[in-house]
Amino acid sequence: MKRRLVALAVATCGIGLVAACDGPADNPPGAQAGTGGVLTIGAAQGIKVLNPVTKSNAWEQALFSLMWNSLVKTGQDLKTQPDLATAWSSSADLRTWTFTLRQGVTFSNGKPLTPADVVSTIEYYRKPDTVTQLKNNVAPIVSVKASGADDVVFELTAPNALFPTSIELVKIVDTASMSTMESQPAVTGPFKVKEFVADDHLTLERNPKFFGQAAKLDGVKLVKTADASAAVTALQAGDLDALWSVPLSQVSSIQGNPRLRLSRPAVIGQYVSWEVDTTAPPFNNPKARQALAYAIDARAILKAAYFDQGVVSTTNDPLTTNNPNYAGSLTDYTYNLDKARALFAAAGITEGSTLTWWGVAGQYPEWNISAQILQESLKKIGITLKIENTDIASWPAKFYPAGKQFPGMIVPNFQSFQPNAADLLLFVLSGRCECNWNNKQVDDLYNRALGTADPQGQKAVWGQVQELVNKEAPIFVPLQFATLTATKNTVAGLWVDGAGNPHVEDAGFVAGQ
């Protein structure tokens with residue numbers, strides 16, 4: 001027996017694949033995107049490579065929806081929708097998935113898309129010598145093969161009800177034209193390359209071979225600015241139409257400008273994740289970790305370090321409270337130094353003890369401010385926090401290969417995902433987190449959730465995972481925050497997904513302006 005999932009029916013608001021049905025409008029009431037024009041969007045980072053498989057930085061992901069397609073996609077309504085596949089189904093045991101490809105799709109070089117292209121793309125991702133951040137997304141695949149003229153069949157290592165969404169970022173490429181990938185890639189998306197100067201600018205033009213509705217814009221130009229401050233200045237001067245990753249310190253100036261607007265995700269998939277070594281004293285004791293959770297003044301950190309651009313996580317949970325898979329009945333770790341002192345004492349951390357904050361020099365100013373706020377809080381209960389900031393290049397040697405110990409240290413980090421429970425809780429699985437927390441019960445529950453097709457049953461299992469993370473506190477989540485994109489008021493149709501990526505594939509300039 002197969003489970004048939006056709007067209008838009010694959011996901012609804014409660015299934016656990018998405019975080020909300022309705023997001024905030026990013027345009028003034030009644031604003032309609034007209035056709036024509038080139039939208040210029042800037043960032044302090046540059047586009048270095050044009051290969052979605054081997055992308056080198058977060059900004060390059062803005063190209064994904066402009067140039068390439070996956071089998072499925074997540075729309076602005078946060079539902080899983082057809083993309084290159086129009087329908088998909090699973091076997092009863094959720095180990096075999098069949099995708100039916102859309103007919104009439106061609107790459108920009110004129111080559112028709114076939115099931116063989118999907119197979120060769122997946123094999124390219126899986127090759128040992130392919131350097132990609134999406135290895136984990138394709139790791140559950142045992143085999144992939146073409147079936148007939150339109151179908152692609154995946155065999156998985158284990159049941160996975162969320163498999164379609166798990167490969168959403170796996171963009172299908174023409175592996176036969178890899179020689180031109182870095183300069184003139186063959187694409188299936190609404191735009192194709194017109195001009196590219198690596199780490200400087202990329203100009204895209206409308207792709208006449210795109211299978212969907214033609215883009216409203218004639219083109220999109222992505223430019224690198226001198227730095228984040230220069231980017232804001234360029235936006236305010238009108239030299240940019242949009243700016244990705246607005247510096248948090250500059251948000252208020254943009255909000256106060258009547259000609260500009262901020263776009264943010266309806267549900268956040270990015271969270272602060274401080275880490276400790278759960279295998280070495282003192283944080284091998286859960287009470288010490290719970291004590292630290294109470295000692296974090298998250299509201300002060302949100303205000304001073306993140307300029308109030310986020311949401312406090314009172315339950316130390318990667319999921320925001322408006323996520324439909326949020327567990328709800330969890331221990332509240334709201335700032336309480338009396339509880340922190342008592343739990344620290346129970347774990348052997350008494351007045352006069354010293355802990356170390358191991359941060360990064362010259363980057364992430366919000367981390368240093370967070371450290372100073374934590375330092376003052378711990379001082380009030382007699383604990384010294386020594387702040388050490390080191391070069392980010394020293395990170396790999398400090399934590400990898402996995403399992404290295406770092407006793408008595410607090411290490412700032414952050415995570416960025418689409419806001420579904422499977423992604424947001426991925427970091428706490430065994431072998432994933434630098435915190436060395438390997439919990440078989442969590443691993444088993446996570447796999448059980450993946451193998452549960454019923455949305456309510458799945459939600460219940462995700463709740464159990466959150467309860468364990470809440471109780472054991474293997475990581476610390478003071479708050480969730482979002483990467484913001486700013487635009488002129490004359491831009492319509494741009495939206496930002498839960499991971500902070502701007503989508504301009506359907507954007508345009510406000511009609512009549």
Side-chain angles (χ1 to χ4, degrees), residues 26-27 31-52 55-70 73 75-76 83 107-108 169 171 173 181-225 231 234-235 237-246 260-263 483-497 499-511 513:
D26 65 310
N27 301 301
Q32 297 294 322
T35 58
V38 175
L39 185 144
T40 301
I41 180 169
Q45 294 183 9
I47 301 294
K48 297 182 179 180
V49 301
L50 295 183
N51 187 337
K55 76 177 181 75
S56 63
N57 63 43
W59 175 224
E60 289 165 5
Q61 195 160 314
L63 299 178
F64 280 20
S65 60
L66 294 173
M67 297 171 64
W68 295 281
N69 299 88
S70 303
K73 65 180 181 180
Q76 187 175 2
D83 201 4
F107 288 98
S108 55
L169 292 180
K171 299 301 175 180
V173 300
M181 177 65 80
E182 299 304 327
S183 58
Q184 195 69 37
V187 300
T188 55
F191 294 92
K192 65 176 184 176
V193 174
K194 180 177 181 181
E195 182 185 36
F196 178 49
V197 178
D199 205 30
D200 185 79
H201 72 273
L202 168 65
T203 303
L204 304 177
E205 60 184 350
R206 192 183 289 120
N207 177 12
K209 298 185 184 299
F210 179 51
F211 59 84
Q213 183 176 354
K216 297 180 179 69
L217 293 166
D218 294 325
V220 178
K221 186 173 184 178
L222 301 97
V223 300
K224 179 182 179 180
T225 62
L235 178 70
D239 297 329
L240 297 176
D241 299 307
L243 170 62
W244 175 75
S245 192
V246 176
L260 303 177
R261 179 176 60 253
L262 284 170
S263 293
T483 299
L484 306 179
T485 293
T487 67
K488 294 178 180 177
N489 281 338
T490 53
V491 175
L494 180 148
W495 61 281
V496 178
D497 65 29
N501 303 306
H503 288 255
V504 298
E505 60 269 24
D506 296 319
F509 294 101
V510 177
Q513 296 190 25

Exercise for the section: Just jot down the side chain to side chain donor-acceptor pair (under 3.5 Å) partners of Lys171, sequence neighbours excluded, or say none. Expected result: Ser70

Problem - side chain to side chain donor-acceptor pair (under 3.5 Å) contacts in which one or both residues fall within residues 198-207, not counting sequence neighbours - result: Glu195-His201, Asp199-Lys224, Arg206-Asp218

Handout entry: Heavy-atom side-chain contact between Pro185 and Asn51 under 4.5 Å
Key = no

Exercise for the section: State, with a plain yes or no, whether a side-chain heavy atom of Leu240 is found less than 4.5 Å away from one of Val223. Expected result: yes

Problem - Set of residues satisfying side chain to side chain contact (heavy atoms under 4.5 Å, CB included) with respect to Ala499, sequence neighbours excluded - result: Ser416, Gln418, Asp497, Asn501

Completion exercise
Shortest non-hydrogen pair, Phe191 vs Gly219, comes out as CE2-CA, 3.8 Å

Exercise for the section: Please name all residues satisfying side chain to side chain contact (heavy atoms under 4.5 Å, CB included) with Ala231, sequence neighbours left out, ordered by chain then number. Expected result: Thr225, Leu243

Exercise for the section: Applying side-chain contact (heavy atoms from CB on, under 4.5 Å), run through Trp68 and Leu63 and close with a yes or a no. Expected result: CA-CA 8 Å; Trp68 295 281; Leu63 299 178; 3.9 Å; yes

Exercise for the section: First locate atom CZ of Phe196, then atom CD of Glu182, and finally report the distance between them rounded to the nearest 0.5 Å. Expected result: 7.5 Å

Handout entry: side-chain contact (heavy atoms from CB on, under 4.5 Å) evaluation trace for Val173 with Phe107
Key = CA-CA 9 Å; Val173 300; Phe107 288 98; 5.5 Å; no

Exercise for the section: Write down the atom of Lys216, the atom of Ala507, and the distance for their closest heavy-atom approach. Expected result: CB-O, 3.6 Å

Problem - Between NZ on residue Lys221 and CG on residue Leu204, distance to nearest 0.5 Å - result: 11.5 Å

Handout entry: Residues forming a salt bridge (Lys or Arg N to Asp or Glu O under 4.0 Å) with Lys488, sequence neighbours excluded
Key = Asp241

Handout entry: Candidate pair Leu235 and Val246, rule side-chain contact (heavy atoms from CB on, under 4.5 Å), full reasoning
Key = CA-CA 10 Å; Leu235 178 70; Val246 176; 5.8 Å; no

Handout entry: Steps toward side-chain contact (heavy atoms from CB on, under 4.5 Å) verdict (His503, Phe64)
Key = CA-CA 9 Å; His503 288 255; Phe64 280 20; over 6 Å; no

Practice task
State the CD-CE distance between Glu60 and Met67, to the nearest 0.5 angstrom.
Solution key: 11.0 Å

Completion exercise
Residues passing the side chain to side chain donor-acceptor pair (under 3.5 Å) test with Thr35, sequence neighbours excluded, are none

Practice task
Quick one: list whatever passes side chain to side chain contact (heavy atoms under 4.5 Å, CB included) with Asp506, sequence neighbours left out.
Solution key: none

Fill in the blank from the handout: Sorted by chain and number, sequence neighbours left out, side chain to side chain contact (heavy atoms under 4.5 Å, CB included) with Thr485 holds for Trp244, Thr487, Leu494, Val496, Pro502

Handout entry: Pro190 side chain reached by Gln213 side chain, heavy atoms, under 4.5 Å
Key = no

Practice task
Under the side chain to side chain donor-acceptor pair (under 3.5 Å) rule, collect the residues that match up with Asn69, sequence neighbours excluded.
Solution key: Asp83, Thr188

Problem - Residues in side chain to side chain donor-acceptor pair (under 3.5 Å) contact with Ser245, at least two apart in sequence or another chain - result: none

Quiz: residues 40-50 side-chain donor-acceptor pairs under 3.5 angstrom, not counting sequence neighbours:
unit_1: Gln45; atom_1: OE1; unit_2: Trp59; atom_2: N; d: 3.4

